[in-house]
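No experiment lies behind these values; they were computed from the predicted model shown. The chain is numbered in sequence order, starting from 1.
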Amino acid sequence: MPSFDEVLKEAGEFGRFQKRVFFLLCQTGVTFSFLFASVVFLGQAPGNYWCRIPGAAELSKRCGWTLEEEQNFTVLPLLLGNRSSSGECERLDIAWDTSVSCTSPLAHYGNHSAGSLPLTTCHNNWVYEKPHSSIISEYNLVCGNAWMLDLSQAILNLGFLAGAFTLGYAADRYGRILIYLLSCLGVGICGIIVAFAPNFTVFLIFRFLQGMFGKGTWMTCYVIVTEMVGSDQRIVGIVIQIFFTLGIMILPGIAYLVPTWQGIQLAISLPNFLFLLYYWVVPESPRWLLTRKKGEKALKIMHNIAKHNGKYLSPHYSEITVSNEEVSNPSFLDLVRTPHMRRNTLILMYAWFASALIYQGLVMRLGIVGGNLYLDFFISGAVELPAALLILVTIDRIGRRLPFAISSIVAGIACLITAFLPEDIPWLKTTVATLGRLGITMAFEIVYLVNTELYPTTLRNFGVSLCSSLCDLGGIIAPFLLFRLAAVWLELPLIIFSILAVVCGLLVLLLPETKGISLPETVEDVEQLS
């Protein structure tokens, strides 16, 4: 009986059928990038805000004050009293009632000057210039609650981590396309609930679930595409990343056109329902069907692929064998038991962690450095396109290891230089920061490819899942590292990023080169790689 790869070669390894499926599934990369980077626009600064004195709303209505006049009566006394408070996180410890004068409300307190009146911490009584522009103003994520914005992104990454394990396992057990479609449905439904969440707790719960289902769509679309093409078409994994980059470039346009965070959330979530139409055009992975002993269904799909590709399967292809040996219950010990496997595993885990932390950190940093957020975000996404092109040009000529190491080291050096460049030459600061983004994007995309090439067939799925879980751990840490360190010094996160990136680049040089070699089948094959 012929093997699946032999039948695939006969039916066409990357013909018209696979190109159509590939293009359709690549759209998932666009919507996943929306979810991945949405916090930059969902949580952008809400403009001017201050803490309202109890009774001020009623008094303002009675006196006919504008918001600006109310702010002057509330905040101006703090400034005139030589206080360091700006009225954002503290207010005068007083309450206004109907006896207070509309023209001079503080006169009610006798001879007390504004400077001698006591202050108190603000609790859930803020007034915003743009009340529904972001989740910050919607859920009062300011002052002592500012860390909750970090938490919202960490929760999303925790959802990614949960999705990698639960939906990755489900896709192996119940089928790729079923889990893909259920994940698309889950992202859409959870996205709508997030947009209309009545409180921050509900927002976090369904943002976690949206992250979990989002990771399910991204992983399964990646697997379906790679399992339907020939072994010489490994490059499709890099091309899928280009669609992720296109999503990064489209996102600021959506955020610019839609004025409220709920509108942005709906705009990035609703397209997932369109993917449910793939039920009629994208078949189940024939490779997966073979592992589940469903050879007849697999063969039927292969005949359909051959027909669309203008090929014809020979009549003797009545059965297909699958030559995959699977280890029952692989464990972490299998990945670290032998010297070279242990070295590869530890370096790859660190590379995933560092690349994800730096990449997410640089994306979210755009939201706090000032400037034109929409334009800067678009440009930072546009520089990722050359990253994919550079990878396509170099990995089959130079190899994997050198571009991987150089891109990480360049990213680290660029982050370090950016941190110390003066603010009065913004074009140079932006240029160097862009170079850092280009470098870390290359590293992040190459680690996908290298990870699959350094594990034997018997441990490949488990090894890639385990190592890439460190990517989500990096994403969980990134917002806390960025926002808390930036509060100390705006450029401090860049110093940390530079150290992590340079160490990653040096460690990658210890990995074996995989250019031009067959995928290893056993642990012994990995140990023999020089």
Residue pairs fulfilling side chain to side chain donor-acceptor pair (under 3.5 Å) with at least one residue in residues 190-211, sequence neighbours excluded: Q153-R207, Q210-Q265, Q210-S269
Where at least one partner belongs to residues 21-35, residue pairs that pass side chain to side chain donor-acceptor pair (under 3.5 Å), sequence neighbours excluded: T28-Y180
Test of ring centre spacing under 6.0 Å for F244 and Y222: no
Centroid-centroid under 6.0 Å between W288 and Y174 rings: no
Sequence-distant partners of R437, side chain to side chain donor-acceptor pair (under 3.5 Å), two or more places apart: S380, E384
Residue list, side chain to side chain donor-acceptor pair (under 3.5 Å) with N304, at least two apart or on another chain: H308
Mutual orientation of the aromatic rings belonging to F353 and Y350 [parallel < 30°, tilted 30-60°, perpendicular > 60°]: tilted
Mutual orientation of the aromatic rings belonging to F160 and F36 [parallel < 30°, tilted 30-60°, perpendicular > 60°]: parallel
Please find the pair of heavy atoms, one from [X] and one from [Y], that lie closest to each other, and give the distance.
X	Y	result
R400	I446	O-CG2, 4.2 Å
A351	V447	CB-CG2, 4.1 Å
S134	L42	CB-O, 3.1 Å
S133	P46	OG-CA, 3.7 Å
V194	Y139	O-OH, 4.4 Å
E513	L402	OE1-N, 4.5 Å

Crowding at CZ, F23 (>12 non-hydrogen neighbours, <6.0 Å): no
Report yes if some heavy atom in the side chain of [X] is under 4.5 Å from a heavy atom in the side chain of [Y]; otherwise report no.
X	Y	value
F17	P283	yes
Y279	I177	no
I192	L266	yes
L246	F243	yes
P479	V39	no
L8	M302	yes
Y359	T441	yes
I240	F22	yes

With sequence neighbours excluded, residues passing salt bridge (charged side-chain N to carboxylate O under 4.0 Å, His left out) with D376: none
Verdict with supporting geometry, L167 and S183, side-chain contact (heavy atoms from CB on, under 4.5 Å): CA-CA 8 Å; L167 296 176; S183 295; 3.7 Å; yes
Can you tell me if [X] uses its side chain to pair, donor with acceptor, with the backbone of [Y] under 3.5 Å?
X	Y	result
S407	M442	no
Y49	S137	no
Q18	G15	yes
R16	G310	no
R176	A171	yes
S468	C471	no

Nearest-0.5 Å distance, OG1 of residue T217 to CE of residue M212: 11.5 Å
Pairs flagged by salt bridge (charged side-chain N to carboxylate O under 4.0 Å, His left out) wherever residues 352-374 is involved - sequence neighbours left out: R365-E491
E284/K297 ion pair, N-O < 4.0 Å: no
Steps toward side-chain contact (heavy atoms from CB on, under 4.5 Å) verdict (F273, I189): CA-CA 9 Å; F273 289 119; I189 292 172; 4.1 Å; yes
Audit row: L277, V281, side-chain contact (heavy atoms from CB on, under 4.5 Å) steps and yes/no: CA-CA 8 Å; L277 299 173; V281 288; over 6 Å; no
For F41, the option from Y374, W261, F34, Y256 that meets ring-ring contact (aromatic ring centres under 6.0 Å, His included): Y374
Test side-chain contact (heavy atoms from CB on, under 4.5 Å) applied to F208 and I205, step by step: CA-CA 5 Å; F208 168 83; I205 291 169; 5.9 Å; no
